[in-house]
Amino acid sequence: MYQAARGTTDILPEEQPYWRHVEKAISDITGLYGYKRIDTPVFENTSLFQRSAGEYTDIVQKEMYTFDDRGGNSLTLKPEGTPPVCRAYIQHGMHNLPQPVRLCYLSPIFRYDRPQAGRYRQHYQFGCEAIGDEDPAIDAEIIDIAWRFNNLLGLTNLSLQLNSIGCPECRPAYLKVLKDYYKKYTGKLCADCKMRLEKNPLRLLDCKQASCQQIAQNAPRSIDGLCAACADHFKQLQKYLGLMEIPFSINHRLVRGLDYYTRTVFEIQPEDEGGQSTIGGGGRFDGLIEELGGKPTPAAGFAAGIERIILNLKKQGVSIPTQPPLQVFIVHLGEEARNEAIKLASVLHGAGISAATATGSKSLKAQLRQANTLGAKYAAIIGGDEVKAKTVTLRNMTDGQQETIGAGELAGKLTV
RNA sequence: GUGAGUGUAGCCUAGCGGUCUAAGGCACCAGGUUGUGGCCCUGGAGAUCGAGGGUUCAAAUCCCUCCACUCACCCCA
């Protein structure tokens, strides 16, 4: 028997109310902040992602779904949302628009990871990017959206972690200080951290090994190594967050896994502990547009994982609006009645009333049972008597009351 | 990529060498009402017991291999 490919999942009808709830929140929040939707292709040229994420990130090294098309071009299923949006910004000359350009997306994301709770090989991310402005008010706006989005969804007990990891001006000096500190502990580091010390020293800070955490505890802090411009930017950001009354805590060990981040980085997590806990994160990426061939252009953004949000909506027991029920299920007895039922359904659909018609020629009991199982509000019964009198018997499935009305009156009756 | 756990009908579970021609619950279908659902009662359909191989007179049950799923690590959303 075939089953969905590893790490992928069907979003079944009973799951859909959660997705609609999330989609509604996305549409509301982006409208509220003036972010315009953009949909980029599901695959891009491989080099776009190689250049943007960073050569030594896990995404590029082992998580990309890369393939050659028949023309021999290397393509990759998008492993993150930001680079394609930046590519589109450049390609369509959006630097000619008033800056910043505010864009948002809801897109499938593909990463070849070992699946586990809250982690899929195909998952969905909702993201916002504000491109073309370095004002810390933009960072604050992005964080504000991410935060309010979760409120809109009904999630509570979330924490917002914030940090600044500097810019190309000040980071090299900080990295040197950091490396010097870690070199004193080389013998005590885990194998991964020994690698990180060489390839990606920032990542040393968020190692989860207990022994490495102790070392990270007293490591030099990135915010102590910021240049004047970055320090001021971070200070302003915190002030704005304060004005908006968004609670945050500074996490000196928050660095994020992608190389393109500059200055601001942040993550949103549920308070309770859990493996794959982060439900959203982002930051500033002032160098990315230029790296991808555009003019030097500052930008900031965030992305949130929909599956993890839904996981938390369920965990927190957030009540979700349900689908409107089927208005009427049309029941018929006999060949002529069946013809009338089909005509009637057509009229109802034309009038914008949801209706389904029984199939086959089952007993009245069986048809009503089906109406009940489907959750129909009414059953419209057409039997021999009704055919003769050109009426239908309308049964309210909640209280069992029923009345006989003219066939032509049904649509009007159900509209009210 | 690493480690641990689990695979019995659509779902949940019992059985853990012979009484298994695999049991029960939910869901599904039908009947109990000649034209009336939900509750109840009765009945029905639905499983090569994840796959392949081995041990044995005998395997859902023991062994091996593979596959899948789950959880965790790495990393991320």
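Chain letters run A, B, ... following the sequence lines, proteins first, then strands; residues in each count from 1.
Of the possible polar contacts, none joining the A:Y240 side chain to the A:I138 backbone as a donor-acceptor pair under 3.5 Å is found.
Between B:rG10 and B:rG5, the distance separating the two C1' atoms is 24 Å to the nearest Å. Using atom P as the reference point in both B:rG53 and B:rA27, the two lie 39 Å apart (nearest Å). Comparing B:rC73 with B:rG54, their C1' atoms sit 35 Å apart, to the nearest whole Å. Comparing the P positions of B:rG50 and B:rA59 gives a spacing of 15 Å, expressed to the nearest Å. Going from the C1' atom of B:rU19 to that of B:rU61 covers 15 Å, rounded to whole Å. When the C1' atom is compared between B:rG46 and B:rG38, the two are found 25 Å apart, to the nearest whole Å. Using P as the reference atom, B:rA4 and B:rC49 are 28 Å apart when rounded to the nearest Å. Remark: the separation of the C1' atoms in B:rG15 and B:rG52 is 24 Å, to the nearest Å.
Here the rule is side-chain contact (heavy atoms from CB on, under 4.5 Å) with A:L410, and of A:I405, A:T415, A:I353, A:I330 only A:I405 fits it. Each of A:Y35, A:Y33, A:W147 was checked for a side-chain contact (heavy atoms from CB on, under 4.5 Å) with A:I142, and the lone residue meeting it is A:Y35. Under the salt bridge (Lys or Arg N to Asp or Glu O under 4.0 Å) rule, A:R87 has a single partner from A:E44, A:E129, A:E291, which is A:E44. For the side-chain hydrogen bond (donor to acceptor under 3.5 Å, both in side chains) criterion with A:E386, the lone passing option out of A:T404, A:T391, A:T393 is A:T393.
Across B:rC73, B:rC69, B:rG35, the shortest atom-to-atom separation from the side chain of A:D385 is found for B:rG35.
Contact check on A:E23 versus A:R20 returns no salt bridge, with no Lys/Arg side-chain nitrogen under 4.0 Å from an Asp/Glu carboxylate oxygen. A salt bridge links A:R256 and A:E267; the closest N-O separation between the charged side-chain nitrogens and carboxylate oxygens is under 4.0 Å.
Proximity of residues 29-37 of chain A to RNA chain B (heavy atom under 4.0 angstrom from any strand atom) is not detected for any residue.
Where A:A4 and A:Y112 each meet RNA chain B at their nearest nucleotide, the meeting point lying more 5' is that of A:Y112. In terms of position on RNA chain B, the residue among A:G384 and A:Y124 whose nearest nucleotide sits closer to the 5' end is A:G384.
Regarding A:L12, its CG atom lies at a distance of 15 Å from the C1' atom of B:rA27, rounded to whole Å. Remark: C1' of B:rA77 and CE of A:M64 are 18 Å apart, rounded to the nearest angstrom. For A:Q3 and B:rC11, the CD to C1' distance is 16 Å, given to the nearest whole Å. Rounded to whole angstrom, the span from the NZ atom of A:K362 across to the C1' atom of B:rG35 amounts to 17 Å. Atom CG of A:L153 and atom P of B:rA77 are 18 Å apart (whole Å). In this structure, CD1 of A:I306 is placed 9 Å from C1' of B:rA77, rounded to the nearest angstrom. For the pair A:I268 CD1 and B:rA77 C1', the computed distance is 12 Å after rounding to whole Å. Rounded to a whole Å, the CG atom of A:L374 is 10 Å from the P atom of B:rC28.
For RNA chain B, each stem of at least three Watson-Crick or G-U pairs (distances under 3.5 Å) is given as range with range: B:1-7 with B:67-73, B:10-13 with B:23-26, B:28-32 with B:40-44, B:50-54 with B:62-66.
Side chains of A:S107 and A:K78 form a contact here, defined as non-hydrogen atoms less than 4.5 Å apart. Between A:I306 and A:F126, the closest side-chain pair of non-hydrogen atoms falls below 4.5 Å.
Residue A:R6 places at least one side-chain N or O under 4.0 Å from the OP1 or OP2 atom of B:rC69. The side chain of A:Q116 places an N or O atom within less than 4.0 Å of a non-bridging phosphate oxygen (OP1 or OP2) of B:rA72. One finds no side-chain N or O of A:S363 lying less than 4.0 angstrom from the OP1 or OP2 phosphate oxygen of B:rG35.
A donor atom on one side chain and an acceptor atom on the other are not found under 3.5 Å apart for A:Q214 and A:Y185. With hydrogens and angles left out, the side-chain atoms of A:Y65 and A:E63 include no donor and acceptor closer than 3.5 Å.
Around the NZ atom of A:K176, the shell of radius 6.0 Å holds no more than 12 heavy atoms that belong to other residues, nucleotides or ligands.
Within the 4.0 angstrom heavy-atom criterion, base atoms lie near A:K62.
Classified by interplanar angle (parallel below 30°, tilted 30° to 60°, perpendicular above 60°), the ring pair A:F67/A:F43 is perpendicular.
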(message) Does the protein touch nucleotides 36-42 of chain B at the base, only the backbone, or not at all? Give it as B, S and - per nucleotide, heavy atoms under 4.0 Å.
(response) BBB----
